[in-house]
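Comments concern the structure below.
Within every chain, numbering begins at 1; the chains are lettered A, B, ... in the order of the sequence lines, protein sequences first and strands thereafter.
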Amino acid sequence: MAQKPGIPKGTRDFSPTEVAQRNYIFSTIKEVFEVFGFQPIETPSFENSSTLMGKYGEEGDRLIFKILNSGDYLKKVDEGLLTNKESIKVTSKISEKALRYDLTVPFARYVVQHQNDIVFPFKRYQMQPVWRADRPQKGRFREFYQCDADVVGSKGLWQEVEFVQLYDAVFSKLKLNGTTIKLNNRKILAGIAEIIGAKDKLIDFTVALDKLDKIGAEGVTNEMLAKGISEEAISKVQPLFSFNGTSQEKLNQLQDMLAQSEQGLQGVKELRFIVDNVEELGLQSAKLDLDVTLARGLNYYTGAIYEVSAPEGVKMGSIGGGGRYDDLTGIFGLKDVSGVGISFGLDRIYLVLEELGLFDDVALPKPKVLFINFGETEAAYCMKAVSALRVNGIKSELYPDAAKMKKQMNYANRRQIDFVVLAGESELEGNNYTLKNMQSGEQQTCTLQELIEITK
RNA sequence: GUGAUUGUAGCUCAGCUGGUUAGAGCGCCGGAUUGUGGUUCCGGAGGUCGCCGGUUCGAAACCGGUCUUUCACCCCA
């Protein structure tokens with residue numbers, strides 16, 4: 001046998017069944033997006049490196065797949081850089097394109113580039129693969145799909161409310177009950193950092209706080225200390241380590257805690273608006289949870305932050321995330337365009353639905369009728385019937401070879417085809433067909449018209 | 001990027017402290033059964049034991065490297 005082929009790590013092939021199941025998720029999300037008034041766009045799978053680099057932090061840069069320049073790409077590179085093995089500088093010389101890392105930054109680029117053709121507020125959705133040079137692990141791949149919906153050109157907090165509803169609508173439709181939509185606000189995090197006098201350490205502070213449910217209060221304290229946040233400052237936020245109660249109660253506590261921070265109070269106000277309205281409107285299956293430890297996408301979120309976790313008991317990272325970014329397009333030269341959006345992690349949602357057995361109703365496209373091939377003359381006779389069935393929208397096919405009956409019947413079994421049509425010498429003579437129901441085993445002689453009616 | 005972990009037939013896996021010709025189940029192909037499947041029975045094909053190197057009289061097994069799988073950290077969907 002020749003050398004075994006393989007695929008790069010972190011990538012996957014999808015079988016017909018898997019594709020059907022994935023398409024079911026895609027179409028569900030797409031339907032809801034459109035019901036909410038979003039329109040699709042697509043962007044190239046790779047962008048200029050300059051568009052992507054530096055937008056996701058240092059860690060992000062490392063995880064971006066770079067595309068090697070064509071031609072003799074080393075020609076232009078300075079000898080010194082090569083001999084000193086300065087990888088990062090060399091990279092920027094030999095690679096000018098990169099695979100997209102998410103859909104948000106390319107979208108920002110799109111908005112800036114097409115600003116004159118866009119009607120604002122612009123509500124777009126996008127469902128395309130993204131690539132990250134990460135080490136694969138559970139629910140984490142190097143090629144995966146994101147399904148994003150964003151609104152740019154509006155600061156209205158009603159969008160934030162709508163996105164909570166959108167999440168709820170999609171997961172309800174997928175019958176994925178019990179998801180938790182976690183909500184936070186960057187301004188609150190900034191406010192807390194301000195209160196404890198660690199304004200300059202906002203990122204370190206929030207990244208540590210984010211790990212609360214994973215490493216506990218003690219772990220978080222240790223990490224903060226390690227990052228140079230004083231013990232005194234940490235003691236001020238101690239209440240956050242055991243923060244609970246209803247959303248309203250949490251909001252009231254935050255309001256007290258942040259009384260001295262204008263920004264923090266603004267965050268409380270925004271959250272209150274969202275929480276109040278979501279409570280007023282109600283949710284079908286998800287629950288909204290105010291989570292001050294939530295800190296994602298800090299490189300560009302400025303207001304609301306969302307993250308969706310799978311129902312309790314399913315071990316899976318977040319299956320969706322998003323937030324408000326006041327100045328995303330600013331990096332590409334378009335000021336004062338606020339945006340807010342959310343993302344669905346298709347591949348993780350797939351794993352969760354799979355684990356919970358929620359794919360039962362997803363039907364694999366397959367033929368309904370198989371015509372047994374007895375030879376050239378019979379095949380020609382059958383093909384006329386096949387055409388007629390197809391015109392009527394009945395999925396049907398002729399077995400391509402005049403193979404043994406057993407083999408053809410077995411094929412029908414394996415593919416779980418409902419009906420088999422046998423047309424040999426005697427049927428040709430009588431200008432009819434023998435139709436066999438593969439489940440009951442019953443068979444009957446019928447005309448073409450009857451064939452269509454029964455198998456329809 | 002750090003630390004573990006995995007790799008034997010198409011698939012799921014056995015294979016003892018290194019010892020002749022590496023096994024099973026399922027699947028595949030053929031036959032019993034030349035126009036009637038799912039069951040049964042019989043037979044057959046298919047593996048340089050991930051790859052490279054080392055230790056040894058001898059390696060699927062031990063050691064090193066590399067790739068791959070899975071998992072955790074970092075970070076994230």
Please measure how far the [atom1] atom in [N] lies from the corresponding atom in [M], and state the result in whole Å.
{"N": "B:rA14", "M": "B:rA24", "atom1": "P", "result": "16 Å"}
{"N": "B:rU21", "M": "B:rU68", "atom1": "C1'", "result": "31 Å"}
{"N": "B:rC42", "M": "B:rC67", "atom1": "C1'", "result": "43 Å"}
{"N": "B:rA59", "M": "B:rG64", "atom1": "C1'", "result": "15 Å"}
{"N": "B:rG25", "M": "B:rU40", "atom1": "P", "result": "13 Å"}
{"N": "B:rU8", "M": "B:rG46", "atom1": "C1'", "result": "14 Å"}
{"N": "B:rA4", "M": "B:rG18", "atom1": "P", "result": "24 Å"}
{"N": "B:rC16", "M": "B:rU6", "atom1": "P", "result": "15 Å"}

For [N], does the base pair up with any side-chain atom of [X] as donor and acceptor (N or O, under 3.5 Å, distance only)?
{"X": "A:Lys9", "N": "B:rU68", "value": "no"}
{"X": "A:Glu427", "N": "B:rG35", "value": "yes"}
{"X": "A:Gln408", "N": "B:rU36", "value": "no"}
{"X": "A:Arg132", "N": "B:rC76", "value": "no"}
{"X": "A:Arg135", "N": "B:rC73", "value": "no"}

task = Verify side chain to side chain donor-acceptor pair (under 3.5 Å) between A:Gln137 and A:Arg135, making sure each step is shown before the conclusion.
result = CA-CA 7 Å; A:Gln137 56 180 281; A:Arg135 263 209 213 180; over 6 Å; no
request  = Could you tell me whether a side-chain N or O of A:Lys366 sits under 3.5 Å from a main-chain N or O of A:Gln416, the two making a donor and an acceptor?
outcome  = yes
ask   = So, A:Gln284 side chain and A:Asp168 main chain: donor-acceptor pair closer than 3.5 Å or not?
value = no
Mind checking [X] for me? I need base, sugar-phosphate or nothing, with any heavy atom below 4.0 Å counting as a touch.
{"X": "A:Gly139", "value": "base"}
{"X": "A:Glu307", "value": "nothing"}
{"X": "A:Tyr145", "value": "nothing"}
{"X": "A:Gly10", "value": "sugar-phosphate"}
{"X": "A:Gly441", "value": "base"}
{"X": "A:Asn413", "value": "base"}
{"X": "A:Ser343", "value": "nothing"}
{"X": "A:Ile319", "value": "sugar-phosphate"}
{"X": "A:Arg140", "value": "base"}

Could you please name the option among [options] that lies closest to any side-chain atom of [X]?
{"X": "A:Lys211", "options": "B:rC74, B:rU36, B:rA77", "result": "B:rC74"}
{"X": "A:Phe141", "options": "B:rC75, B:rA72, B:rA77", "result": "B:rA77"}
{"X": "A:Ser318", "options": "B:rC74, B:rG35, B:rA77", "result": "B:rA77"}
{"X": "A:Val207", "options": "B:rG37, B:rC28, B:rC75", "result": "B:rC75"}
{"X": "A:Gln146", "options": "B:rA77, B:rG35, B:rC75", "result": "B:rA77"}

Ring pair (Phe, Tyr, Trp, His ring centres under 6.0 Å) partner of A:Phe344, the single match among A:Tyr350, A:Phe33, A:Tyr306 = A:Phe33
ask   = Of A:Gly317 and A:Lys404, whose closest RNA chain B nucleotide lies nearer the 5' terminus?
value = A:Lys404
note = When A:Pro8 and A:Asp347 are each assigned the nearest nucleotide of RNA chain B, the 5'-most assignment goes to A:Pro8
query = Is A:Phe344 stacked on the base of B:rA77 when the test is centres under 5.5 angstrom and planes under 30 degrees?
reply = no
Can you tell whether the side chains of [X] and [Y] come within less than 4.0 Å, N to carboxylate O?
{"X": "A:Arg22", "Y": "A:Asp347", "value": "yes"}
{"X": "A:Arg62", "Y": "A:Glu59", "value": "yes"}
{"X": "A:Lys395", "Y": "A:Asp418", "value": "no"}
{"X": "A:Arg124", "Y": "A:Asp150", "value": "yes"}

Expressed in angstrom and rounded to an integer, what is the separation of [X] atom [atom1] from [N] atom [atom2]?
{"X": "A:Lys214", "N": "B:rC74", "atom1": "NZ", "atom2": "P", "answer": "6 Å"}
{"X": "A:Leu428", "N": "B:rG35", "atom1": "CG", "atom2": "C1'", "answer": "13 Å"}
{"X": "A:Tyr56", "N": "B:rC76", "atom1": "OH", "atom2": "C1'", "answer": "13 Å"}
{"X": "A:Ile215", "N": "B:rC75", "atom1": "CD1", "atom2": "C1'", "answer": "14 Å"}
{"X": "A:Met405", "N": "B:rU34", "atom1": "CE", "atom2": "C1'", "answer": "12 Å"}
{"X": "A:Gln128", "N": "B:rA77", "atom1": "CD", "atom2": "P", "answer": "17 Å"}
{"X": "A:Phe107", "N": "B:rA77", "atom1": "CZ", "atom2": "C1'", "answer": "19 Å"}
{"X": "A:Ile203", "N": "B:rC74", "atom1": "CD1", "atom2": "P", "answer": "16 Å"}

request  = Could you go through the salt bridge (charged side-chain N to carboxylate O under 4.0 Å, His left out) check for A:Lys55 and A:Glu47 one step at a time?
outcome  = CA-CA 13 Å; A:Lys55 308 299 190 296; A:Glu47 295 270 351; over 6 Å; no
Applying a 3.5 Å limit to both distances, which nucleotide forms a Watson-Crick or G-U wobble pair with [N]?
{"N": "B:rG18", "answer": "none"}
{"N": "B:rG25", "answer": "B:rC11"}
{"N": "B:rC62", "answer": "B:rG54"}

message = Side-chain N or O of A:Gln137 versus OP1/OP2 of B:rA72: is the shortest distance under 4.0 Å?
response = yes
inquiry  = At less than 4.0 Å, is any side-chain N or O atom of A:Lys406 found next to OP1 or OP2 of B:rG38? Yes or no.
reply    = yes
